[in-house]
Number of protein chains: 2
Amino acid sequence: MATRKSQTLDLAILGTLKEGELHGYELRKRALSLIGQVRSLSYGSLYPALRELTERGYLEVDDRAALGIRRGANPRARIAYSLTSAGKEHLNSLLAESGPKEWEDDSFVVRFALFSQTDLRVRVRILEGRHTRLVERLETIRESLSRGRERMDTWTLELQRHGEEAVEREVRWLNELIDNAKTEEKEMNK
Amino acid sequence: MATRKSQTLDLAILGTLKEGELHGYELRKRALSLIGQVRSLSYGSLYPALRELTERGYLEVDDRAALGIRRGANPRARIAYSLTSAGKEHLNSLLAESGPKEWEDDSFVVRFALFSQTDLRVRVRILEGRHTRLVERLETIRESLSRGRERMDTWTLELQRHGEEAVEREVRWLNELIDNAKTEEKEMNK
DNA sequence: CCCTGTTATATCGTGACGATATATCGAATT
DNA sequence: AATTCGATATATCGTCACGATATAACAGGG
């Protein structure tokens, strides 16, 4: 059994499927509207993933259309996938656990898009993790900027400057979100 | 002979090597300072690329250190790579030609970082190409924003909003750069 | 009743890269 | 002077992700 890696893709699929059963084609579109900004999602990744998640018991297949016959022959069969209860559990544990590379662009965006299904405390943890990561990146950039200053190519410099700005913006954005979340947290504890 | 695809990597390597001979390890660091923001560059990609570029005659190897003996056995051998004249030509043609996917993040960043070696007219073309591409992306985002409005998840919405802003900024940035370039162009024609 | 575009599932080859091995050197640390 | 440790440096291999592509059914405009 081809063991895939990317938990990110699993998350995206399971998270999208949380709101009801879907067939592959539609699933892809929905998932892309979540994560399309930073990731692509080709069928070459999607269908193998769907198959494996089914094998593992996280997904259930309801293929009324293509019952039994002509597997793999008839497109337009509309094979509907839905979460099993094990699948829901798995989704929850994925949402709660902190995987490796949790703060990478891909992973963060997916987790963020699924925030409405995520516990408030976990949300804060994810936001803060991303924050730390970005501040680190900012330091790296600034260091390289001050180190090079005179020696560096004009255009490389300009690129770096622009990159710095973008990261700064995202840090500020995160700050706001973290503030909001913490306020919300306090109000719930009252 | 393993034929690689990515012209982007070729560009990065040749462009970095334009300023003088380097060995792999150092080359990687320099190249990363150019494109590190958007791309990673692992040895698993770098060394095969170096080998192939050498085979194609674009690179020349000057391994004083590891002359003849113990190939592949001795690290620290400091194998220095430098551009051949064919390599310089190839670099120039890569810079001038418009490859497929010219406006992807990766490709654009590399081409931008090498602007000091790029003809002014080509610079403008690249900037404008990138501009069009981003405006398209912006339209897609906006469309999806207005289509969903009420129906869409709060967090997905917020993510999209933030993404929109980032793209808008980059468009403005490009506008400035294009203006500058065009001004420069006119002054040269006087 | 074509023709074109969209919906839909599915697979395959391969290129890219993470992980890892190996080894040397310089500079602290003891 | 011995020893540790991190940085320097080259190299390869297995495998995963995905682009490209095939197939075909359907809707609807002309």
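Note that the structure is predicted; figures quoted are calculated from it, not measured. Residue numbering restarts at 1 for every chain, and letters A, B, ... go by the order of the sequence lines.
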Candidates [options] - which lies nearest the side chain of [X]:
| X | options | result |
| --- | --- | --- |
| Arg78(A) | dA11(D), dT7(C), dT8(D) | dT7(C) |
| Arg51(A) | dT11(C), dA8(C), dA17(D) | dT11(C) |
| Lys29(A) | dT7(C), dT10(D), dA10(C) | dT7(C) |

Show every ring pair (Phe, Tyr, Trp, His ring centres under 6.0 Å) that has at least one partner inside residues 14-33 of chain A, sequence neighbours left out. none

Any pair counted as ring pair (Phe, Tyr, Trp, His ring centres under 6.0 Å), so long as it reaches residues 128-147 of chain B, sequence neighbours left out: none

How many Å lie between [atom1] on [X] and [atom2] on [N], as a whole number?
| X | N | atom1 | atom2 | answer |
| --- | --- | --- | --- | --- |
| His23(A) | dT7(C) | NE2 | P | 10 Å |
| Glu21(A) | dA8(C) | CD | P | 13 Å |
| Arg30(A) | dA8(C) | CZ | C1' | 15 Å |
| Arg28(B) | dA11(D) | CZ | P | 15 Å |
| Tyr47(B) | dG18(C) | OH | C1' | 16 Å |
| Asp106(A) | dA17(D) | CG | P | 11 Å |
| Leu50(B) | dA9(D) | CG | C1' | 13 Å |
| Leu59(A) | dT9(C) | CG | P | 13 Å |

Are the side chains of Leu159(A) and Val109(B) in touch, meaning some heavy atoms are under 4.5 Å apart? yes

Enter the distance from [X]:[atom1] to [Y]:[atom2] here, rounded to the nearest 0.5 Å.
| X | Y | atom1 | atom2 | value |
| --- | --- | --- | --- | --- |
| Arg123(B) | Glu184(B) | CZ | CD | 5.5 Å |
| Met188(B) | Thr183(B) | CE | OG1 | 13.5 Å |
| Thr156(B) | Phe112(A) | OG1 | CZ | 8.5 Å |

Flag if over 12 foreign heavy atoms under 6.0 Å of CD, Glu185(B): yes

dT10(D) phosphate, OP1 or OP2, under 4.0 Å from Tyr25(B) side-chain N/O: no

Partner residues of Glu136(A) under the salt bridge (Lys or Arg N to Asp or Glu O under 4.0 Å) criterion, sequence neighbours left out: none

Donor-acceptor contacts under 3.5 Å from residues 38-45 of chain A side chains, at least two apart:
| from | atom 1 | to | atom 2 | distance (Å) |
| --- | --- | --- | --- | --- |
| Arg39(A) | NE | Asp106(A) | OD2 | 3.4 |
| Ser42(A) | OG | Gly44(A) | N | 3.4 |
| Ser42(A) | OG | Ser45(A) | OG | 3.4 |

Atom pairs under 3.5 Å, N or O on each side, protein against nucleotides 18-20 of chain D: can you list them with distances?
| from | atom 1 | to | atom 2 | distance (Å) |
| --- | --- | --- | --- | --- |
| dC18(D) | OP2 | Ser45(A) | OG | 2.9 |

Over the length of the helix from dC1(C)-dG30(D) to dT30(C)-dA1(D), how much do the five-pair end axes diverge, rounded to 10 degrees? 30°

